[in-house]
Amino acid sequence: MFRKKSYAILLSLVLLLTGIMVFPSFPTAAKEQIIPVKSSTVSGSGLPDMTSRFSYYYNPFGRYGSPMTSYLTLNDDETITRVEADQNSSSIRIEKYDKNEGKLLSAKSLDMKSPWEGDAEPPLENPIFGGIFTGDTYNYVFLGQSNPKEDDAREIIRIVRYDKDWNVRNQYNMYQNNTYIPFEAGALRCTEYSNMLYVHTCHQMYKSEDSLNHQANFRFTLNQETGEIPLSDQHYTISNEKTGYCSHSFNQFIAIQGQDIYTLDHGDAYPRGLQLAKYTGKAGGEMGLPDAYQTIVTFPGEIGDNDTCAAAGGLAVSNQKCLIPYNQGADKTAPRSIYLATVDTATVGTGTPQITTLDTPADGTTFGVPMMTQIGAEKYLIMWQVYQKNGTVMKEAHYCVIDAAGGTVVPVGKINAFLADCQLAVDDGGVVLWYTTGGTSGSLSAPTFYELDPYNGKLKTTKCYSKKQLDTPVLTMVYKKARTIKGTGPKGSVIHLQFKGETFTKVCKNGTFSIKLPKRYAKSLRFGAKMTIWASKDGYDDSEKTVAMVTTTH
């Protein structure tokens, strides 16, 4: 049974203890189909949604997580696919870049309201982005919409399946899951094993007896072969830690080791700490309920106070330990240090967690939420951003590498880089890659890719650019005696003039240019002479090459 408190405390602390049990129906699997997504030209990209000042991905003193909006995949052909959601415009950008040059090769855009052309489903009114999962065979986009009337017949979550080229293959719809707002004040993360997709996320629920819409975690599974979302493996009602329930749950992680499934939640009430759970179900089937669970780190403060002075950074499970990086400060304004909590996989539920301090901020600074990814056989990279104590981001990040037991392989190092909510991608050599967009003003910009070899500290920065093509320059006058050719062209571009097999260049500073040919071409600049002209500029494709004919000379 869950613990009960007075309604006065419930109201003041916004706890999550009572609710209405509602049962969803099975989704109907649509017929397999391939439909192209809507395409559009994209020349740059916007920042992830940063409207929430409490989100701890972009605020070192933030209170809760938010859906990850940045995703990156390394392709076999030396290209990079990045996918970024823009909640403000209800769009998802899908862009492919040349890994070495940073050139944008292709771009398309998904409309969250109707994710593909000819979508027969009613459009989502005000779509809420939940997350993206890039699996072995399929890509998935998780979208939702609010349910202010608490209507069991209203679609709450829409799962759209794409192939690896981002063509629509199927769609699954979820109803009746006790949800007022999906993905609220937390994240969505997935993992897969065989045909099963495991989803760990959160939601704001129907009003409970205290007339409040409380928030908690929410998990379900999708059989990728049959399209079934089993009712028996949907967990969305008010419960307790024995069922894997956490409330409020401000961040969610899920991992598989062997066939054992684990979840991690950042709780502020029940429990008030980092909750680790290991499940009875084995990977490849339903998760079921936990057979072991424990609070790894307990946060000080009153039950239900949203500000726990901490942020969960990830969950990795090696063949020895559950590895959990997090940051924490002594109070709401104190600088946050980086910690690593570990517990033996064989003793989850009963083992004593070991806490290691990885990094302590220098005077006047603090640390953001750590990020973790596996970079090789039982090796894990952890990275975190440095901020000024007032919350201003610095172009400095720290990192270290740990082993399967949580021991240090590479001590803490520093790099001149920004981080984002983008999950780190890893190549076959253990080099990690991520990207950032925009700036502190939120202005649009093309992404900057960072590549780090954590073993030698080598950092490579690639500023990407779009395929936007320059306008073709135009000749305006040829001065035969002065052997000078004048014209107009794109401002700041380099004008290339090819004449008699030789190429001459000139910078088009203010939209005009003047090129003087050598004396040996004095007789060649006559009526009817032909020359080829084009423009180039960093960040753009060259203009079309055109052949110009001399028609007037002076």
Side-chain angles (χ1 to χ4, degrees), residues 40-47 80 82 93 95-107 395 416-418 435-450 459-554:
S40 63
T41 301
V42 180
S43 56
S45 180
L47 284 166
I80 302 169
R82 81 174 190 112
R93 300 180 181 91
E95 301 170 355
K96 181 178 285 189
Y97 289 86
D98 179 277
K99 180 178 181 293
N100 299 312
E101 297 182 0
K103 182 178 181 180
L104 178 63
L105 302 176
S106 65
K395 194 176 184 181
N416 188 32
F418 292 113
Y435 79 90
T436 60
T437 54
T440 55
S441 65
S443 59
L444 295 178
S445 74
T448 297
F449 288 115
Y450 294 93
L459 178 70
K460 177 185 176 182
T461 302
T462 303
K463 182 69 175 179
C464 299
Y465 58 96
S466 74
K467 285 182 63 179
K468 185 176 181 181
Q469 192 172 39
L470 291 171
D471 294 331
T472 302
V474 176
L475 297 184
T476 58
M477 191 64 64
V478 176
Y479 295 90
K480 182 176 180 180
K481 292 184 179 180
R483 307 182 309 281
T484 301
I485 300 168
K486 293 188 176 183
T488 61
K491 185 177 180 181
S493 67
V494 175
I495 303 300
H496 303 259
L497 180 73
Q498 194 174 67
F499 185 60
K500 297 295 182 179
E502 190 173 356
T503 301
F504 307 91
T505 60
K506 187 75 172 183
V507 176
C508 189
K509 291 184 178 180
N510 298 309
T512 61
F513 65 89
S514 177
I515 297 176
K516 186 168 184 175
L517 301 182
K519 290 182 179 180
R520 60 182 178 272
Y521 291 111
K523 294 182 179 180
S524 301
L525 283 176
R526 59 182 181 270
F527 181 84
K530 295 180 181 180
M531 57 190 68
T532 301
I533 189 169
W534 72 94
S536 67
K537 184 178 181 180
D538 288 343
Y540 296 83
D541 272 357
D542 292 354
S543 71
E544 292 184 0
K545 292 183 178 181
T546 58
V547 177
M549 180 182 294
V550 177
T551 57
T552 302
T553 59
H554 294 271

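For clarity, every value in this text was computed on a predicted model and none was experimentally measured.
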How far apart are the closest heavy atoms of Thr503 and Gln498, and which atoms are they?
OG1-NE2, 3.4 Å
Starting from the C-alpha separation in whole Å, work towards a yes-or-no answer on side chain to side chain contact (heavy atoms under 4.5 Å, CB included) for Lys506 and Ile485.
CA-CA 11 Å; Lys506 187 75 172 183; Ile485 300 168; over 6 Å; no
Give, for atom SG of Cys464 and atom NZ of Lys103, the distance between the pair rounded to the nearest 0.5 Å.
12.5 Å
Over all heavy atoms of both residues, which pair between Ser524 and Ala529 is shortest? Give the atoms and the distance, please.
O-CB, 3.4 Å
Flag side-chain contact, heavy atom, 4.5 Å: Thr476 against Thr512
no
Looking at every non-hydrogen atom in both residues, tell me the closest pair between Ala482 and Lys516 and how far apart they are.
O-CE, 3.3 Å
Is the backbone N or O of Asn100 less than 3.5 Å from a side-chain atom of Asp98, with the two atoms forming a donor-acceptor pair by type?
yes
Find the distance between OH (Tyr97) and OG1 (Thr462) and round it off to the nearest 0.5 Å.
12.0 Å
Non-hydrogen atoms of Phe499 and Leu517 that approach each other most closely:
CD2-CD1, 3.8 Å
Within 6.0 Å of CG in Asp471, more than 12 heavy atoms from elsewhere:
no
Please collect all side-chain hydrogen bond (donor to acceptor under 3.5 Å, both in side chains) contacts where either partner lies in residues 527-536, sequence neighbours excluded, each pair once.
His496-Ser536
Looking at every heavy atom in both Pro473 and Ser543, which two are closest together, and how far apart are they?
CD-OG, 3.6 Å
Residue from Lys500, Lys480, Arg483, Glu502 passing side-chain hydrogen bond (donor to acceptor under 3.5 Å, both in side chains) with Tyr521
Glu502
Distance (rounded to the nearest 0.5 Å) between Ile80 CD1 and Arg82 CZ
10.5 Å
Check: Thr546 and Ile533 side chains under 4.5 Å, non-hydrogen atoms:
yes
Got a second to check how far Thr448's OG1 is from Lys463's NZ, nearest 0.5 Å?
3.5 Å
Lys99: side-chain hydrogen bond (donor to acceptor under 3.5 Å, both in side chains) partners, not counting sequence neighbours:
Glu451
Just how far is it from atom CE of Met531 to atom CD1 of Ile515, taken to the nearest 0.5 Å?
9.0 Å
For Phe513, run the side chain to side chain contact (heavy atoms under 4.5 Å, CB included) check against Val507, Leu475, Thr505, Thr488 and tell me which one passes.
Leu475
